[in-house]
Amino acid sequence: MDGNYLSESLYNLQLILKAQMIKYSFLLAILNIFINPCWADATFYPEKNQLNIPYIRFQEQFYQANLSYQPPDKLKLEEVMNQAGEVSPAGIVPIYSDLSFHLSQINLSNQLYTADMSYLGDNIFQIHNLSESVVNPVSRTIFRSEHFSGSGICAQCHEDIKDGQGKDVSIVSAWSTTMMANATRDPFWQAKVRSELNRTPSQKETIRNTCTRCHAPMANEEARKQNDHVQGVFDSGILSRQNPYHDLAMNGVSCTLCHQISPNEPFGTEAGFSGNFVIDSFPTSTERLIYGPFKNVLTRPMQNFANFTPVYSAHIKSSELCASCHDLTTPYTDEEGNILSTGPEDEFPEQMPYSEWLNSDYAETHSCQQCHMQRASGVTIASQPPGLKTQRDDFAQHSFLGANRLMLSILQDYREPLGVTPTDFSSSILNAEKLLKGAAKLEISDATLENKSLNFSLNIDNQAGHKLPSGYPSRRVIVHVTVRDGNGKTVFETGKVNSDGSVAELDSDQGAAQFEPHYQLINSATQVQVYEAIMQDYQGDISYTLLRAKSYLKDNRLLPNGFDKQTVPNKIKVQGEANSDEDFIGGSDSIQFAIQDMQEKEYTIEAELVYQTLGYAFAQDLFSDKAKEVSRFKQMFDASTLKSSGMGAIIISVSGDK
């Protein structure tokens, strides 16, 4: 609804909107949830005719602002004050370079609305796109369907468990602060799904099915089992409390999904990847098999309480289980939405961590779970029944280590609007930081300073069992190198990362139609080495729209040990200049630096790797969409201080003749 539909006062507008929008089921959810004063990034006071925004960020400074409402669709800035109080990330409203801003949660008498504000001049802002706010309600975790149970049922027995050293290794609480548990609540995922639907509306069924198959798998599978249509995501879809599959969806990638994936065909084959896992059906609920990694387990307690029969199966510990969703190909279309791919073998390799691992040395030594699920010993795997005493070793903790500090921090900071129930994501964020710090090794070698030329090699070893970065193609790793003279003055720098996530001199961050090539030699500050995947459409143009992506223009993501770039399958091949770089090999890359006109006798070289879950160019393309889910995520992203994460650094000094 546009601001032109505003009535004489914003308070009256609230009454009109309430009457018009009562048909939306999620507004009813808001009414139920917000009986008490609700969290918001701005509050309108009808008696004062004033909008208060407590935390505005402008040019890295924080302010509080009061604006008066001018009917029908404008606000006037009346008062700005320095904000000296503690700033909550969830309350930050970033002001952009054109002085526009977005409000995701405008509190008006405990009703929430969202709007965009554009600056007209003379302290006047115009209101656009005013509508009900995007709020994900808290959902139930204790529920049963014909094929699944909620994580709250599993928690009745698999919480309050400790290892042999007394450390808490409770399963559900560890899982609940991971991206797996919050796969449906992820605001980046919601924004991207909305964007894909906006850009290719004719393929809404394909988008819904593909995206919910691995982000809301229980809802997707149960709907299939019930011969129901593919569920939508928005409006009356799975995000709505009124949708019959809502609780199944909001439980994310949950216990009874992964532990029910059948070990029978097509498990472990390409036919079983891309979300094509199989959940078996049984005549009665207690006959349903739930697979675990341990032999000789008691069956009666789980049959009686959870209506599942636990059995041992080795496949639950295999990388092929993860491949069910983490080797994923997607169809591609033309600009009219016509699908051009002819089948899975011709589809776009959206993410292929399993295939990358399979073509590495790690396939002989480590499974996915051995790296991403920390191990514990001496664990009694259930707290019920009380007499259970059997202790298990090699227990896989359900912390599901990953590198996504950005989204984990957003889930914590925006718990209320996202409907997130866990209150402390700090362990998951710290685990992500530790994982990133150990993902690569840096070494500077052959450093010389002769004839006013500084030369050195930067060697980067990938310590991961797949490409680095791996997974969704929004991710990238930037090589940041700084050279300082004896006084600490920076005389050369490449790969500087700005607070907004952009990288200085990086081609893709300066224009959507270009990208930075792979480098063997860097001799200018305008050259930046970025390990990334750049998508292209069927015409060979850069694309950030997933459903347009046919292949990669560039894929120089660091390779795992043992990866032979000449013989691997096409879907994981190196693309671009890195393919002919003889120093870009399985396990490592080496970059040569040759910096001229170095007048001093001694310099310090510092090199670091910087990881981003969401690269700047990818983000800006997404943010060009005009949708509530996109605007909401943009506000969260811009307010975050974890857009970039350091992965480790190395510093050396080099001397020579002046």
Side-chain angles (χ1 to χ4, degrees), residues 2 102 104 114 116 128-129 131 134 183-184 186-216 220 229-239 274-275 328-342 346-351 407 471-476 508-509 511-515 532-554 613-638:
D2 190 81
H102 173 78
S104 291
T114 179
D116 294 309
H128 300 278
N129 307 318
S131 61
V134 179
T184 317
D186 179 348
F188 177 28
W189 178 76
Q190 292 182 16
K192 187 59 175 167
V193 173
R194 174 64 82 184
S195 172
E196 295 288 332
L197 287 167
N198 286 351
R199 297 181 185 190
T200 318
S202 63
Q203 291 298 332
K204 65 180 182 181
E205 294 302 306
T206 299
I207 295 168
R208 289 171 174 176
N209 183 58
T210 301
C211 295
T212 63
R213 187 60 181 166
C214 288
H215 276 262
N220 182 291
H229 64 280
V230 175
Q231 297 297 296
V233 176
F234 307 107
D235 302 322
S236 60
I238 57 175
L239 297 184
S274 296
L328 173 63
T329 62
T330 53
Y332 64 90
T333 73
D334 61 17
E335 57 276 7
E336 301 299 324
N338 301 306
I339 293 180
L340 302 179
S341 49
T342 58
D346 186 37
E347 291 182 337
F348 171 65
E350 189 250 43
Q351 60 175 281
M407 291 313 310
Y472 194 66
S474 66
R475 303 167 182 176
R476 64 185 186 182
S508 62
D509 292 4
Q514 56 188 359
F515 67 95
E532 61 184 349
I534 301 293
M535 303 187 295
Q536 65 176 338
D537 63 19
Y538 76 104
Q539 294 177 315
D541 296 326
I542 294 174
S543 178
Y544 294 99
T545 304
L546 184 59
L547 210 55
R548 298 282 188 277
K550 177 184 179 181
S551 57
Y552 291 110
L553 270 169
K554 172 189 178 185
T613 292
L614 178 55
Y616 183 82
F618 203 105
Q620 297 313 302
D621 177 82
L622 173 62
F623 297 154
S624 68
D625 275 29
K626 302 304 179 186
K628 290 182 294 183
E629 295 82 8
V630 174
S631 296
R632 178 183 72 163
F633 176 60
K634 174 177 168 58
Q635 182 181 358
M636 295 173 176
F637 177 80
D638 288 337

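FYI, side chains are in, hydrogens and waters are out, and symmetry mates aren't considered; it's all heavy atoms of this structure. In this text, all values refer to a predicted model and were calculated from it rather than measured experimentally.
- Here the NZ-CG distance, from Lys204 to Leu197, works out to 9.0 Å after rounding to the nearest 0.5 Å.
- Residues Gln536 and Tyr332 have side chains that never bring a donor and an acceptor to within less than 3.5 angstrom of each other.
- Closest approach of Val630 to Leu622, counting heavy atoms only: CG1-O, 3.4 Å.
- Between the side chain of Gln203 and the backbone N or O of Pro201 there is no donor-acceptor pair closer than 3.5 Å.
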### Chi angles and distances behind the salt bridge (charged side-chain N to carboxylate O under 4.0 Å, His left out) call for Glu629, Arg632
CA-CA 5 Å; Glu629 295 82 8; Arg632 178 183 72 163; over 6 Å; no

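- Note that CD1 of Ile339 and OG1 of Thr206 are 4.0 Å apart. Values are rounded to the nearest 0.5 Å.
- Pairs engaging residues 541-552 under the salt bridge (charged side-chain N to carboxylate O under 4.0 Å, His left out) rule: none recorded [sequence neighbours left out].
- Screening Phe637, Phe618, Tyr616 for a ring pair (Phe, Tyr, Trp, His ring centres under 6.0 Å) involving Phe623 leaves a single residue, Phe637.
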### Query
When you look at Phe348 and Ser341, which way does the side-chain contact (heavy atoms from CB on, under 4.5 Å) test go after all the steps?
CA-CA 8 Å; Phe348 171 65; Ser341 49; over 6 Å; no

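- In this structure, Asp346 and Leu340 have side chains that are not in contact, with every pair of non-hydrogen atoms separated by 4.5 Å or more.
- Closest approach of Lys192 to Leu546, counting heavy atoms only: NZ-N, 4.1 Å.
- Side-chain contact between Glu347 and Thr330: absent, with no pair of heavy atoms (C-beta onward) separated by less than 4.5 Å.
- Contact check for Leu239 versus Gln190: side-chain heavy atoms found under the 4.5 Å cut-off.
- Between the side chain of Ser274 and the backbone N or O of Thr329, at least one donor-acceptor pair lies under 3.5 Å.
- One finds the OG atom of Ser631 at 12.0 Å from the NE2 atom of His128 (value rounded to the nearest 0.5 Å).
- For the pair Thr613 and Arg475, the tightest heavy-atom approach, listed with the atom from each and the gap, is O-CG, 3.3 Å.
- Panel note: side chain Ser104, backbone Thr114; no donor-acceptor pair is recorded below 3.5 Å.
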### Task
Could you walk me through whether Phe515 and Met535 pass side-chain contact (heavy atoms from CB on, under 4.5 Å), step by step?
CA-CA 10 Å; Phe515 67 95; Met535 303 187 295; over 6 Å; no

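- From Ile534, atom CD1 reaches atom OG of Ser551 across 12.5 Å, with rounding to the nearest 0.5 Å.
- At least one donor-acceptor pair under 3.5 Å links the side chain of His215 to the backbone N or O of Ala183.
- Between the side chain of Tyr544 and the main chain of Gln620, no donor-acceptor pair closer than 3.5 Å is present.
- In this structure, Val193 and Phe234 have side chains that are in contact, with non-hydrogen atoms separated by less than 4.5 Å.
- Among residues two or more places apart in sequence or in another chain, the side chain to side chain donor-acceptor pair (under 3.5 Å) test is passed with Asp621 by Arg199.
- Nearest heavy atoms, Ser508 versus Ala617: O-CB, 3.4 Å.
- Listed here is the closest heavy atom pair of Ile238 and Thr212: CD1-CG2, 3.9 Å.
- Atom CZ of residue Arg208 and atom CG of residue Asn220 lie 12.0 Å apart, to the nearest 0.5 angstrom.
- Remark: Glu532 pairs with Lys554 by the side chain to side chain donor-acceptor pair (under 3.5 Å) rule, at least two apart or across chains.
- Phe188 and Tyr472 have perpendicular rings, their planes meeting at more than 60° on a 0 to 90° scale where under 30° would count as parallel.
- Side-chain atoms of Thr545 never come within 3.5 Å of backbone atoms of Glu196 as a donor-acceptor pair (strictly under, hydrogens ignored).
- For the atom pair CD (Glu350) and CG (Leu547), the distance works out to 11.0 Å, reported to the nearest 0.5 Å.
- Residues Phe633 and Ala191 share a closest heavy-atom pair of CB-CB, 4.0 Å.
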